[in-house]
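Just so it is clear, the model here is predicted, and its values are computed rather than measured.
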Amino acid sequence: MARVRYGARTEAEIQAARTASAKLPDIWSTGVVAVWESDPDAVAAVLPPPLKPAERPLVRANISKVDLPGYPLGAGSVAVAAVHDGQEGWYPLVMPMTHERALIGGREVFGEPKKLGEVDVERDGLVVRASLARHGIAFVEVRGAVDGPLPLPEPTRKTDFYFKFLPAVDGEGFDADPVLVHCVRNEKVRKLEKITGDVVLRESMYDPVADLPVRRVVEITIGEKTTDQKGTVAERVSAQALLPYIHQRYDDPQQILDGPPEGSV
C-alpha cells in the first residue's frame with residue numbers, strides 16, 4: 001500500500017525533524033525599530049495581570065523583512081514595556097506575519113498574538129518607510145531618513161511576555177488555566193543606523209494601536225540582526241483575570257464560539 005501521508009510518522013522521522021530544526025543557521029533580518037513614550041494610563045490598561053507597567057510607558061514597533069530563500073517573510077510586532085516578578089520585558093499586542101508557517105508555530109507553541117498581515121520595509125538611498133497593515137489599513141507607519149551609523153551593541157538577551165490559552169469548547173472560559181510564558185531571545189546585530197523621522201498611527205477597529213499615542217519618539221533605527229528564542233512557563237494565571245483581555249487575540253472575540261454551519265461537515 002502506498003504511504004498514507006496523514007498516517008502516524010515513525011520515531012525516526014520525528015527525531016530527524018527535531019534534528020533538522022536544531023541545526024538551522026543564523027537567519028538575518030533587515031528591520032526598523034521605533035520606540036516611543038505613550039500615555040501611562042493607556043499602557044497600563046492593556047496589561048493583563050500579573051503583568052505590571054514598566055517605569056517608563058514605552059511602546060515598541062518592530063517591522064522586519066527576512067530574505068529566506070524562496071520564502072521571503074515579513075514579520076512585525078507592536079509591544080508595550082512591562083514587568084513580571086522583577087523581570088523587565090515587552091508584552092506584544094499584535095504580531096503581523098506574512099506567511100501562515102510563521103504564524104502557526106508562534107501562536108500554538110508560545111501563545112504569541114500573531115495574525116496574517118502585510119509587512120513592508122522600503123529603503124531608497126537614505127529614505128526609509130516601514131509599515132504594518134491588516135484589512136487594508138496601515139495601522140503603523142514609520143518614515144524618515146537615515147542619519148548615520150550607530151555603534152554595534154553587544155549580543156543581548158530580551159524577554160517577551162505571552163499568555164498561552166485555549167478557549168473552552170462550551171464557550172465558557174478556558175479548557176485549562178492559562179499560562180504566562182517568558183520568551184527569551186538572544187539577539188546579535190551586525191549593522192545599525194539611526195533614523196530621524198516619525199511614527200504614524202492610523203485608526204483600525206481590528207488593530208487599535210492608535211490608543212497608544214506617540215507622546216515622544218525615543219528612537220528609530222534600521223539594522224540587520226539575528227535572534228534565537230526559548231520559551232518557559234513562568235506561572236499559571238487566573239482564568240477570570242485574563243478573560244477580559246482575550247479579545248486582544250482576535251479581530252472579533254465572538255469567532256472563538258463560531259462553529260461550522262450545520263450540514264457543512
- So does R101 have more than 12 non-hydrogen atoms from other groups sitting under 6.0 Å from CZ? no
- Query: Salt bridge or not for E37 and R215, using N-O below 4.0 Å?
  - Reply: no
- Query: Got R134 and D251 here, is their nearest side-chain heavy-atom distance under 4.5 Å?
  - Reply: yes
- Query: Is it true that R185 and E187 make a salt bridge, defined as a side-chain N closer than 4.0 Å to a carboxylate O?
  - Reply: no
- Any side-chain heavy-atom pair of C183 and W90 under 4.5 Å: no
- Query: Taking only residues at least two apart or on different chains, which pairs with a member in residues 98-132 satisfy ring pair (Phe, Tyr, Trp, His ring centres under 6.0 Å)?
  - Reply: Y71-H99
- Message: Nearest 0.5 angstrom please: L73 CG to K65 NZ, how far?
- Response: 8.0 Å
- Note on the structure: Taken in chain and number order and not counting sequence neighbours, the residues that satisfy side-chain hydrogen bond (donor to acceptor under 3.5 Å, both in side chains) with R236 are none
- Item | Greater than 12 external heavy atoms within 6.0 Å of K115's NZ | yes
- Considering residues, nucleotides and ligands other than E88, do more than 12 of their heavy atoms fall under 6.0 Å from its CD? no
- Considering residues at least two apart in sequence or located in another chain, which fulfil the side-chain hydrogen bond (donor to acceptor under 3.5 Å, both in side chains) criterion with K188? D26
- Query: Does atom CZ of R3 have more than 12 heavy-atom neighbours, drawn from other residues, nucleotides or ligands, at distances under 6.0 Å?
  - Reply: yes
